[in-house]
Every structure is written in structure tokens, then in C-alpha cells.
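Per chain, numbering begins at 1; letters A, B, ... match sequence-line order. Basis for what follows: all heavy atoms, side chains included, without hydrogens, waters or symmetry-related copies.
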2 protein chains.
Amino acid sequence: MANIKDVAKMANVSISTVSRVINGTANVRQELRKKVMKAINELNYRSNPLARGLKGFPTRTLGLIIPNIENPFFPAMVRGVQDVANRNGYAIFLCNTDEDPQLEEIQYFLLLEKKIDGLLLVVSSMNVSFLDKEPHAPVVLLDRYVENSDLSYVVVDHKMGMNLVLKHLENIGRKKVVFLGSKDVTSGAKERLESFVEYFKGVANLKTGIFFGEYSEKSGAYMTQKLLSKRIDFDAIVCGNDLIAFGAIKVLKNHGVNIPDDVSVVGYDDIFFSAYHSPKLTTVHQPTYELGEIAAHLIIDEIEKKEHEPKKHIRLEPRLIVRETSISGRIKNVNS
Amino acid sequence: MANIKDVAKMANVSISTVSRVINGTANVRQELRKKVMKAINELNYRSNPLARGLKGFPTRTLGLIIPNIENPFFPAMVRGVQDVANRNGYAIFLCNTDEDPQLEEIQYFLLLEKKIDGLLLVVSSMNVSFLDKEPHAPVVLLDRYVENSDLSYVVVDHKMGMNLVLKHLENIGRKKVVFLGSKDVTSGAKERLESFVEYFKGVANLKTGIFFGEYSEKSGAYMTQKLLSKRIDFDAIVCGNDLIAFGAIKVLKNHGVNIPDDVSVVGYDDIFFSAYHSPKLTTVHQPTYELGEIAAHLIIDEIEKKEHEPKKHIRLEPRLIVRETSISGRIKNVNS
DNA sequence: AACCTCCAAGAAAACGTTTTCAAGACAATA
DNA sequence: TATTGTCTTGAAAACGTTTTCTTGGAGGTT
């Protein structure tokens, strides 16, 4: 691989001049500039980013830490990040944490060591103490924020999302609504839960209306199983995510419960396959791709703008997608 | 950030000694070693990978180029790669090409420039000329191989996969089998097509039995639409991937065709949601996670083993997953 | 003509490491 | 005691850049 010295030799100039031509950092006579350019092309020279980085130049590298790329929620987000990162000449490191705060910290320091210019982070718990420890790279939080931290973040307004769901259920006459969530403590889950509780403040069956498991189909099935065996009275299930909803629907079907006539089921996330599921899932669409895009823009701005910009807190609006699991086609047609 | 000089100063030794302690590259007196260790801990020193890389040390960084992370086929593969990479201390750059060879080449050189130690590549066409141009980093091909190249690769045996499908259809008495594929020229697609053609060699309706579109639900629907409007006679559809199958099923359902009694539909890939689809999709399961794992092992071996190992060509066995779209439950139960 | 200013370009320092080279200490051998 | 060898350590070179410092010359002003 040709280095700057080779270029200098070929062009008969000093390496300083070559550097100046490359970076446009000072005036160079037309004649020399041309010679240098020619040498660069002939040798197919590309400056070594390691050496550059050593001099404090940005590495044009971003870190992206997410819980798990296999979770259907994340690929679109990742793609959003990558598209704008790429457009701006950044490459991105992708890491999974499996929602394990310890692993998260390890990944964080590993990336820091790689001299990334900035980090996009989907935190997996509400206290990420390591972020205060060494504020070495700019950080933008993604999808979830942490309290008591002034980092920029871009999230979805889950309060609004949950309200959309509950208003919809109220509109179609559902009175006994049950929530199947997860005991995780991320900002989104908290917001949804709080919003749910608030909505039903003062309603008698509230206490029995909330159940916790995991964000999986299996757990959704299990919780629903329990719901039935405990003979809890409900006419609607609100789920913490689509996977849980799939599990719930499966069990309800197996028990001969009619969806949506007997029970409405609403998911959350609108992952790719919710539209293919049978019956098609009513759910809350999260603009995940945009989430990634905007976060990438934020971090790049923070990196490249010299002036210390104020931290930005962005909340994107989710949309309720009414499909077949909350309200029957016949009724829907009558209404529309 | 503390550097090696600070450590040396604090421990009252030369930087050479510190370096030797860190890398265990030569003997250092116990006493000094301890002092150095203490200084390292106290200053929370971590050696700068940029400076190391400049000296020719590996960067412990891998590139992973795939067509599109939003394609449900890839997340598990990516995760497989990441898990073993992580276990071995490598971080990975993830890039999308959208199956565009030109973009692929750009990404390739971008990663090379980042001084990755090795590259995992899902090629998007059969001729990747840039791989010969500058063989700078070890490359392992993933999921698809290219002809006339001696690179290591790990792929799924699609010949076997297609045979499993066709044998299954033959077993259940299907005679008029139609193939809905894509005109892409990847090794996997080619193998499947060839295998299909070979299987039906000499059968009269072969010519009309093959249709090309794209790997999407939309395209699957479109092709099936055409199949119906052309009044082509068929009792089984073999699809290039699961998405196409979903589209086909949707259209068939809309036209009152009974699945699987009138027509069997078989997908390919067994993406996560094929088990949730209604009816549940019969399809060929690809061991994508293992694909990623093995590829990562291969590339790491190639990087770390000094001796020039022979290139390895690994073919993983797919499995046919018989669900509800190829053979009706009643019949299946009778058989079992 | 003498002086100052400005500009283009080269020399050299710096970034943080690893590694080669040289040297000093000490033990072992003759 | 002189010689050889081994072991430990420090000094310095090297990796490929950017940037500061320096220099030489051209042009303008008095």
C-alpha cells in the first residue's frame, strides 16, 4: 500500500505539500497540486486512517449498541442509522447486549477503545452509571432515555401510543381491559404502563388488570393461559409488544375464544409481520426507521458542529394501526 | 486519557518496559512488573489501538457486508457472526448493499480503509471483480459463493434443500409443480433453480413451470395473480423464499383456492414468522445463525493462524419444515 | 537601494505505540 | 582474573500522518 512518502517522492515534493493538497488546508501552487493529484491517482493512494486518528482526527466511526438484532423491532432502526451514517461517510460498529447492563458496559468500553467518534445507545436499564464515568465520546440515546441524564435522545411518545390504544378500545366499547407487559424498566415500558394506569384511574378491576412476563410469544401465551385458568374477566388485551400479542392470540384461539368478537387484542411495535399474521394484528406503529435516521443525524451534528449545541430531546409520534384483532371487519365496515 | 508515557513515569520505568509488561513480549523483573501493573490500574490506562494498528498490529475489527439487515433472513446470521466475534474480542462493522454490486464495492474499500483484519461478505452478484484487485484482507464468503474464486465460504446446500421440497411434494402426490423465483444470479438461487430443473427433466409442463419476479411478498402476489389469470394448471407452488410464499398464499386465498387441499405452497428460508403465518408455512429451514457462527470462526482462524491454511468450503444442511401449507392436517395425522 | 510583508514549500516535531539495538549487571566458565 | 553468556532494561527508530516552525524568494513601500 502506497503511503504519503511514495506520493511525495513521485511528485517531487515534500510530504507536507502532499498533506496540504489532500486536506486543502493551505495554498499550494496549481502546478504542484496537479503533480500531487496525478501521483495520488497513479499510486491509488488512500491516507491511512490510523495515522490520522493518532493525530486526533476523527475516525469517522460510530458505535451502535442495541439489545438484540434478532428482535424484529431493531433491524429497521439499525438500517435507518446506517443509511444516514453512510451518506455522511461514517461506518458503524454494531453490538448486542441482550439487555444485560453488564455486557452493555463492556461493549461501551470496547467501542470507546476503538476510538469511535460517537455512540448511539439503546440502553437496557434506567441507570447507566458508566455514561457519567468517562464522557469521552458524544452519546445519543435511542428508543429509550434514562432519567437524570441530560444526553440527547430520540424516542417514541409511548404515552401517546398507549392513549391511542385505550381510546380505540373505549370507542369500540371494551370495558375490561387487561395489560400484558414485561417487568423491564425501560423508559418506554414505564411510560406505557403509567399511561395505562392513569387512563383507568379509579376503575375497580385495575389491580387485577396488569400482568408481567417477558417480551416473547411464549411469555404472551403463558400469561394468557394464566388469565384463562384464573377465570379473569376481560374483553380486551393490551400487549407490551407484538410478540406477546401473538402468544395471546394463539392461546385464545386454542380455547375457542373469538377474536375480536369476544376479546380484542392489541399489540405494540407493528413489526413487519404483524400485517401478515392471521388475524392481522391491530397494533401501534413505531417509526423505527426514522428513529434511527434522526438519531444518526443528531450524533453527527453533535460530532461535527464545533459549538457546544444544546442537547435535544425528540419524541416521535406513533400511529395506531387498526387491523383485525381489535374490531371485526363487519363492524368496521358499518362504521366506515 | 493516560498514555504509556504517563504509566512509565508513574512506575519509574521506561516506556519499553511498560510495553513489555502489557504484551508479555519479554521478561520483566517481578518488582517492576508489579509497579507497572499498579500504575496501569491507577491511571486506568488502556493502550491506544490506533497507535498499535499503525505498527501493524491487528485492529481486532471485522467487516460484515450483507444485502439488507431489514431482510428477515439476515438478523440471525448477523447475530451468529457477532456472538463468536465478540467472544474472540473482535468488533464488527456492519454494511448494507441492497444487492447493488457498485455499492458493495464502495463498502468494501471503505472497510479496507478502516484497516479491518478480515471481511465477511454476502456477495450480491456472481462476479465480484474487486476481490481480485487488492487482496488486502482475508475474506470469507457467507451464504453465497462465487465461481472461479478460491475464497473460503460457508453456504447452505440449496441443491439438497430443493430436493427435500420436491421429494416431499412428490410424496404427497403433487404432479404439476410451479416455481416462483427471482431472476437474481446468486449461487443459492442458481442452485435451487438448477436443482428444480433437473428434478423435472423430461416432464412436459416444465417450460411453463418457472416464473421470475423479486424476493418480496408483493412480487409473490403478482406472480400468482398472473398464474391464475393465465389459467396455468398447477397443484403446487415452490417459492424462492418465504416472502414470495406469503404473497402467493394471500392471492390464492383471495381467489378461494384452498391451501393445501387444492394447492400446496412451500417457502424457503424459514424466517421467524413463517411459523406464525396462517396457515403455517411449510418451508426449508436455513441454519442462518450457524452460518454466521461458522463464518466468523473461519475468518478468525484465517487471521490468527500464521500458517497459510487451505481454503475451506463448507455446506450446511437445510431441513424441510412441514407445516400446514403443503399437506392438510387431517392427511398428515392419518400418515403419522 | 534597503527594508518589510507575505506566500509557498520544506524540515522537523508530534501523536502513542512496538521493536530493534545497545548497554549494564551479574553469573558461570576457563 | 579474564572471557563469555544471559538477563534485564533503557534509548531510539519506526509506523503514516498533521501541524508547527523555518526558510527563501517575490513583491511592495519608503
Side-chain angles (χ1 to χ4, degrees), chain A residues 1-40 43-61 89 112-117 134 136-137 306, chain B residues 1-40 43-61 89 112-117 134 136-137 306:
Chain A
M1 190 84 152
N3 63 14
I4 200 172
K5 236 176 182 168
D6 301 326
V7 175
K9 208 177 292 174
M10 181 174 230
N12 245 331
V13 298
S14 73
I15 58 170
S16 335
T17 304
V18 177
S19 175
R20 282 190 265 258
V21 169
I22 294 168
N23 299 298
T25 169
N27 286 342
V28 174
R29 223 174 350 132
Q30 265 295 328
E31 190 196 331
L32 287 196
R33 178 187 304 278
K34 268 190 184 167
K35 276 206 291 185
V36 170
M37 288 302 233
K38 197 179 149 204
I40 287 177
L43 294 170
N44 196 16
Y45 165 75
R46 341 210 72 197
S47 73
N48 184 327
L50 263 32
R52 280 186 155 206
L54 199 53
K55 297 293 292 184
F57 256 56
T59 56
R60 291 197 98 72
T61 290
L112 230 48
E113 212 173 306
K114 297 266 183 227
K115 300 291 173 192
I116 54 173
D117 295 337
E134 314 203 21
H136 275 310
K306 304 282 170 176
Chain B
M1 189 85 152
N3 62 15
I4 200 173
K5 237 177 181 167
D6 301 325
V7 175
K9 208 178 291 172
M10 182 174 229
N12 246 330
V13 297
S14 73
I15 58 170
S16 334
T17 305
V18 177
S19 175
R20 283 191 265 258
V21 169
I22 294 168
N23 300 298
T25 169
N27 287 341
V28 173
R29 222 176 349 135
Q30 265 294 330
E31 188 195 333
L32 286 196
R33 180 188 303 278
K34 270 191 184 166
K35 277 206 292 187
V36 169
M37 288 302 234
K38 196 178 149 205
I40 286 176
L43 292 171
N44 195 17
Y45 165 76
R46 342 209 72 198
S47 73
N48 185 327
L50 263 34
R52 281 187 153 204
L54 198 52
K55 295 295 290 186
F57 256 54
T59 56
R60 290 198 98 71
T61 290
L112 231 47
E113 212 173 307
K114 298 268 184 226
K115 299 291 173 190
I116 53 173
D117 295 335
E134 314 204 19
H136 276 310
K306 303 283 168 174

In whole Å, I'd like the distance from the [atom1] atom of [X] to the [atom2] atom of [N].
| X | N | atom1 | atom2 | value |
| --- | --- | --- | --- | --- |
| B:Gln30 | D:dT8 | CD | C1' | 14 Å |
| B:Arg52 | C:dC15 | CZ | C1' | 16 Å |
| A:Ile22 | D:dG16 | CD1 | C1' | 11 Å |
| A:Asn27 | C:dC6 | CG | C1' | 12 Å |
| B:Lys115 | D:dT17 | NZ | P | 8 Å |
| B:Asn3 | C:dT18 | CG | P | 12 Å |
| B:Leu54 | D:dG16 | CG | C1' | 5 Å |
| B:Ile4 | C:dG16 | CD1 | P | 11 Å |

The side chain of [X] is closest to which nucleotide in this list: [options]?
| X | options | value |
| --- | --- | --- |
| A:Lys55 | C:dG10, D:dT17, C:dT18 | D:dT17 |
| A:Ser47 | D:dT17, C:dT18, C:dA9 | D:dT17 |
| B:Asn23 | C:dA9, C:dT18, C:dC15 | C:dT18 |
| B:Ser14 | C:dA12, D:dA11, D:dG16 | D:dA11 |
| B:Leu32 | C:dT17, D:dT9, D:dT17 | D:dT9 |
| B:Ala51 | C:dT17, D:dT18, C:dA9 | C:dT17 |

Distance-only donor-acceptor check, side chains [X] and [Y], under 3.5 Å:
| X | Y | answer |
| --- | --- | --- |
| B:Arg33 | B:Asn27 | no |
| A:Asp117 | A:Thr61 | no |
| A:Thr17 | A:Ser14 | yes |

Quiz item: Pick the nucleotide of DNA chain D nearest each of A:Thr25 and B:Val28; which residue has the one closer to the 5' end?
Solution: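 Result: B:Val28.
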
Practice problem: Please check if the side chain of B:Asp6 supplies one atom and the backbone of B:Asn3 the other of a donor-acceptor pair under 3.5 Å. | Solution: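 Yes; judged by distance alone, with no hydrogens or angles, the pair exists.
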
Quiz item: Hey, what do you get for CZ (A:Arg29) to CG (A:Leu32), rounding to the nearest 0.5 Å?
Solution: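 Between atom CZ of A:Arg29 and atom CG of A:Leu32 there are 4.5 Å.
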
Short side-chain N/O contact to [N] OP1/OP2 from [X], under 4.0 Å:
| X | N | value |
| --- | --- | --- |
| A:Arg29 | C:dA9 | yes |
| A:Ser19 | D:dT17 | no |
| A:Ser16 | C:dA11 | no |

Quiz item: Looking for any heavy atom pair under 4.0 Å, which part of the strands does B:Arg46 touch: base, sugar-phosphate only, or nothing?
Solution: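 Since only primed, P, OP1 and OP2 atoms lie under 4.0 Å of B:Arg46, the category is sugar-phosphate.
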
